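The chains referred to below are lettered A, B, ... by the order of the sequence lines, with proteins before strands, and numbering in each begins at 1. Here the structure is a predicted model, which means the values were calculated and not measured.
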Amino acid sequence: MEDQRTEIATPGRLRRRGEFLRVARGAKWVTPGLILQAARRPDAGPADAPRLGFTASRKVGGAVERNRVKRRLREAARVIMPDRARAAIDYVLIGRHTTLTRPWPKLLLDLETALRRIRIDEPAP
RNA sequence: CCAGAUGGCCGGAUGGCCGCCGCCUGCAGGGUAACCGGCAGGGGGAGGAAAGUCCGGGCUCCACGGAAAUACGGUGCCGGGUAACGCCCGGCGGGGGCGACCCCAGGGAAAGUGCCACAGAAAGCAAACCGCCCGGCGUUCGCGACGGGCAAGGGUGAAAGGGUGCGGUAAGAGCGCACCGCGGUCCCGGCAACGGGAACGGCAUGGUAAACCCCACCGGGAGCAAGACCGAAUAGGGGCGGCUCACGCGGCAUUUCCGCCGCGCCGCCCGGGUAGGUUGCUGGAGCGCGUCGGCGACGGCGCGCCUAGAGGAAUGGUCAUCGCCCGCUCGCGGGUACAGAACCCGGCUUACAGGCCAUCUGGCAUU
């Protein structure tokens, strides 16, 4: 039988520098705990799964802090994204220094808010 | 008990829910195959510094006939350890501390060159600013100029040509003597650095090598983004066959004609190679225990163990309880270091909340 999970479309991952740069030119929404970027995949059909990428720059801190920020973002995405992410869209979650200390429920709310408010196909200001 | 010294060790714990990355086993499936993904179970999954990338190696590629020299860079008391080191251990010398103990770029300054500010008369070759002494002369009896002897005292300095004392002398001076220092010689101890002693010399050789330099020893370069393998699309290269040789262009010395070849199109094959993928990738100068040798660093032997391998980069997210620290209005609140493997080892350096153990030193108290 057909697996139910394929309809939920477990997201793939962004791995190449060029993909990140392309998404950075797309839509953007800033919340206290994180920054969300999103762009439509030019090479994908409407049924393809969304893809995710995670970034924390040197501004966040050392390697320990950057790793921890990316883990919290990845966990938040694992909780939220399967129900909210749209097909054929690439998302990039950018960590901030506040991502480290933002209370967990609020960080989840930040991601939900960003997903609701972001306007894909409108270029960033 | 207090203060301190040295060496070593740990660096949160338990549980619930939900996850991630390798490995092994089993099950069923897809595929001709290499293999691929799925489910279930088992087991593993950051550090003492993983850090800085400062030294030394392994490994890989490149260069190179061998060796040496020069240049450049590094190291620098002696002996030992080690694959090697700029590391470690044990000594020696110097310095600090009541002591346990700690610190030191610690070869050569009679191979040469340079420098030694300020002060001072003088800073490297002896010299004499104030002085001391002798002589004759002058004298207003205070002393003065001249000639000669001297370096004790004063003063400058980081440093003034051995130091202290006694003798000696016109005053002085290693001029003489004693002790200390220094120098080469000899003897003794030590593998050696060096230490101890003896007689002799009569002081000659100031400091600076973290100034150039000299001597001894060491060093080819680049790094896992090394390197190896596979290899799409597109463009381009080569080969074979076919088509057209109709137009155009070029070549066969030149012009005309004829002929041939190439540029063209299609198909198949081959090699290089970009994106990308696979590999290198973890079993090793490995770790633990015991034993033997050694003051020790360390080494020999025996037994046991397998202990992260990612790739925008796993090793976690979240909640609760406890421990520890701080504050407190005693129901509580806040904090819990430094820090994240990236080919692998040996070191060094730097960061670090809090805590534990052993040995030793100096006090105080008690017996």
Colleague: Using the P atoms only, state how far rG312(B) lies from rU14(B), rounded to an integer number of Å.
Modeller: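 33 Å, rounded to whole Å.
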
Colleague: Could you check how far CG of Leu108(A) sits from C1' of rG317(B), rounded to whole Å?
Modeller: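 After rounding, the reported distance stands at 10 Å.
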
Colleague: With rounding to the closest Å, how many angstrom separate the P atoms on rC263(B) and rG242(B)?
Modeller: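 Taking atom P in both rC263(B) and rG242(B), they lie 15 Å apart.
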
Colleague: Counting only side-chain heavy atoms from C-beta out, which of rC18(B), rG340(B), rU315(B) sits nearest to Glu75(A)?
Modeller: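 Within the option list, the nearest is rC18(B).
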
Colleague: Tell me whether Phe20(A) is stacked on the nucleobase of rG312(B), counting only the six-membered base ring and applying the 5.5 Å and 30° thresholds.
Modeller: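 Stacked: ring centres under 5.5 Å, planes under 30°.
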
Colleague: Say you pick atom C1' in rC245(B) and the same atom in rC265(B); how far apart are they, in whole Å?
Modeller: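 The same atom, C1', in both gives a distance of 12 Å.
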
Colleague: With rounding to whole Å, what would you report as the distance between rA34(B) and rG300(B) at their C1' atoms?
Modeller: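 That atom pair is separated by 50 Å.
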
Colleague: Starting at atom CH2 of Trp104(A), determine the distance to atom C1' of rC319(B), rounded to an integer number of angstrom.
Modeller: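 My rounded result for the distance is 12 Å.
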
Colleague: I want to check one thing: is the phosphate of rC21(B), taken as OP1 and OP2, less than 4.0 Å away from some side-chain N or O of Arg71(A)?
Modeller: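 The answer is no; no side-chain N or O of Arg71(A) sits under 4.0 Å from OP1 or OP2.
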
Colleague: Taking atom P of rA337(B) as reference, at what distance in whole Å does atom CZ of Arg68(A) sit?
Modeller: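 The distance from CZ of Arg68(A) to P of rA337(B) comes to 11 Å, rounded to the nearest Å.
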
Colleague: Classify Arg66(A) by what it touches in the nucleic acid, base, sugar-phosphate, or nothing, heavy-atom distance under 4.0 Å.
Modeller: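 Nothing, no heavy atom under 4.0 Å.
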
Colleague: Heavy atoms from C-beta onward define the side chain here; which of rG312(B), rA341(B), rA46(B) lies closest to that of Asn67(A)?
Modeller: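 Closest nucleotide among those given: rA46(B).
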
Colleague: Between C1' on rG317(B) and CE on Met81(A), what's the gap in Å once rounded to a whole number?
Modeller: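 It is 16 Å, rounded to the nearest whole Å.
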
Colleague: Separation of Leu107(A) atom CG from rC319(B) atom P, in whole Å?
Modeller: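 Distance, rounded to whole Å: 11 Å.
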
Colleague: If I pick the P atom on rC281(B) and the same atom on rC59(B), what distance separates them, to the nearest angstrom?
Modeller: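 Here rC59(B) and rC281(B) have their P atoms 13 Å from each other.
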
Colleague: Choosing from rG317(B), rA313(B), rG19(B), which nucleotide comes nearest the side chain of Arg72(A)?
Modeller: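 Minimum distance to the Arg72(A) side chain belongs to rG317(B).
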
Colleague: Hey, can you pull the donor-acceptor pairs under 3.5 Å for the side chains in residues 71-80 of chain A, sequence neighbours left out?
Modeller:
unit_1   : atom_1 : unit_2    : atom_2 : d
Arg72(A) : NH1    : Thr99(A)  : O      : 2.7
Arg72(A) : NH1    : Leu100(A) : O      : 3.1
Arg72(A) : NH1    : Arg102(A) : O      : 3.0
Arg72(A) : NH2    : Arg102(A) : O      : 3.1
Glu75(A) : OE1    : Arg78(A)  : NE     : 3.4
Glu75(A) : OE2    : Arg78(A)  : NE     : 3.4
Glu75(A) : OE2    : Arg78(A)  : NH2    : 2.6

Colleague: For Ile80(A) and rG19(B), what is the distance between atoms CD1 and P respectively, to the nearest whole Å?
Modeller: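 To the nearest whole Å, that distance equals 15 Å.
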
